[in-house]
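Just so you know, residue 1 is the first one in the sequence shown, and it goes up from there.
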Amino acid sequence: MTGANEEQASFGSQSVEEIAAAWLERRDRGGWTDQDQTELDAWLAASPAHMTTYWRLDGAWNYADRLAALGSSANYESEAIAPERKPVRRWFGLAIAAVFVAVAGIAAASYLLRTKDVTYATAIGGHRLVTLADGSKIELDTDTVLRTAISSDRRIAWLDKGAAFFQIVHDASRPFIVITGDQRVTDLGTAFMVRRDTQRVEVAVVDGRVWFDAANGHATDNNHMQPVLLARGDEAIVMRGALSLVKKPAPQLLGELGWRRGVLVFNNTPLAAAAAEFNRYNHEQLVVADRAAGRMLIGATFRTSDVDLFARVARDVLGLRVEKNGQEIVISR
């Protein structure tokens, strides 16, 4: 391949495996540019099959390299002839991938026997750090339920409710997948947050990239939930099947992840929204009784458990009426 345009033009007559192999060979030649990465990202984003095939071949090629290195050592080959073997790597990688496909049925049959299923949960106000065997870390927010199925050939988590922050050790041959509701998040070497409420699913990327799509791999019927590649600072929100995307600066994202430090950070946040966030962490509930009060803005940082301080700020700073009624604190004009 002599150039990006020639490579792109030749893709039409090639299989997905051959195109993925061509991308890997192009990447390993050296001189990889931002434009190359942009073109690769576009091809990966075009179809989940592209991404799955690319990962599989990347893992196979790495394995092929290890085998070649072992063979070279065993046969006392000199470094001078090693470069002559590099062009074979593409087809060796495809051959290894074919072997992987051939044994997929056996792997599927034994998968349940080899998978370690674990459920992690936190109570209201709780926080938990989980470290997986591969070194990946997951932090669970308040009132969260997360299930994992980890095996030698795949890593899957289901976020049933709540929020979790993921710091994943990337493995191209065994991508980490988070499924929540009808959505799926696939790690590409990433630190990201996933939150699931009754009304919406939210994904925010702090570092790296994730592939975000429908859990069944298909767009919804109304085409609102199209697959998307999210990068650092991207936040995706799905409500009633409609996807919205925003770009956020790092300080704002870190503020939204304040729960990892035991705090809630509000920056010109409507009082009703701030109260709703507080209620996720406490049995004592804040009730904003009228819309006018709920639209007032608040900017402050609170400990997640400090409901009383929030009520005092509403009274003393915003001039609102505060009344306590059993397990409720009612705020009104």
Side-chain angles (χ1 to χ4, degrees), residues 16 20 23 37-56 58 132 136-141 144-150 154-250 252-254 256-257:
V16 173
W23 277 118
Q37 187 63 53
T38 298
E39 292 173 7
L40 173 58
D41 288 343
W43 184 77
L44 292 174
S47 167
H50 292 181
M51 188 165 291
T52 301
T53 303
Y54 182 84
W55 285 331
R56 188 178 70 241
D58 187 51
L132 303 180
S136 298
K137 295 182 179 181
I138 307 173
E139 287 185 65
L140 276 61
D141 194 9
T144 294
V145 176
L146 179 83
R147 295 175 290 124
T148 63
I150 308 297
R154 65 179 62 189
R155 300 176 296 171
I156 304 177
W158 291 266
L159 181 65
D160 293 330
K161 69 172 182 175
F165 181 73
F166 299 84
Q167 294 176 286
I168 302 302
V169 174
H170 185 55
D171 182 347
S173 65
R174 195 173 56 132
F176 195 98
I177 297 172
V178 180
I179 297 174
T180 182
D182 295 329
Q183 275 67 55
R184 174 176 59 186
V185 182
T186 304
D187 148 70
L188 298 177
T190 330
F192 61 99
M193 185 272 294
V194 181
R195 176 171 167 175
R196 180 182 182 184
D197 296 329
T198 55
Q199 298 291 327
R200 70 180 195 172
V201 168
E202 176 184 345
V203 178
V205 181
V206 175
D207 194 22
R209 296 173 298 160
V210 302
W211 174 255
F212 186 43
D213 65 351
N216 60 7
H218 302 289
T220 55
D221 292 339
N222 58 16
N223 276 337
H224 286 172
M225 182 54 211
Q226 293 290 345
V228 61
L229 189 66
L230 304 177
R232 179 186 299 180
D234 288 340
E235 183 176 77
I237 298 173
V238 177
M239 294 183 65
R240 294 184 292 274
L243 172 67
S244 60
L245 298 172
V246 295
K247 193 79 172 181
K248 293 187 175 181
Q252 185 175 352
L253 277 182
L254 292 177
E256 293 178 1
L257 291 167

Name the atoms and distances for all side-chain donor-acceptor pairs under 3.5 Å in residues 160-169, with sequence neighbours left out.
unit_1, atom_1, unit_2, atom_2, d
D160, OD1, R147, NH2, 3.1
D160, OD2, R147, NE, 2.8
K161, NZ, D143, OD1, 3.0

- Can you tell me which residue pairs pass the salt bridge (Lys or Arg N to Asp or Glu O under 4.0 Å) test with a partner in residues 164-180, sequence neighbours excluded?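 For residues 164-180: D171-R174.
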[X]: which residues meet the side-chain hydrogen bond (donor to acceptor under 3.5 Å, both in side chains) condition with it, sequence neighbours left out?
X    : value
R209 : D41
R196 : none
D141 : R280, Y281

- side chain to side chain contact (heavy atoms under 4.5 Å, CB included) involving L245 - partner list, sequence neighbours excluded: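 By the side chain to side chain contact (heavy atoms under 4.5 Å, CB included) rule, L245 matches V228, L230, A236, L243.
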Quick check: do [X] and [Y] have side-chain heavy atoms less than 4.5 Å from each other?
X    : Y    : result
V203 : V238 : no
I150 : F176 : yes
D187 : R155 : yes
F212 : V205 : no
M193 : E139 : no
Q252 : E235 : no
L229 : L188 : yes

- Query: Among all residues two or more places apart in sequence or in another chain, which pass the salt bridge (charged side-chain N to carboxylate O under 4.0 Å, His left out) test with R232?
  - Reply: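 Per chain and number, R232 pairs via salt bridge (charged side-chain N to carboxylate O under 4.0 Å, His left out) with D207.
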- Item | Straight-line distance of L254 CG to K248 NZ, nearest 0.5 Å |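 Reported to 0.5 Å precision, the distance equals 12.0 Å.
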- Query: Say you draw a straight line from CD of E202 to CD of E256; how long is it, rounded to the nearest 0.5 Å?
  - Reply: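 So the gap between those two atoms works out to 6.0 Å.
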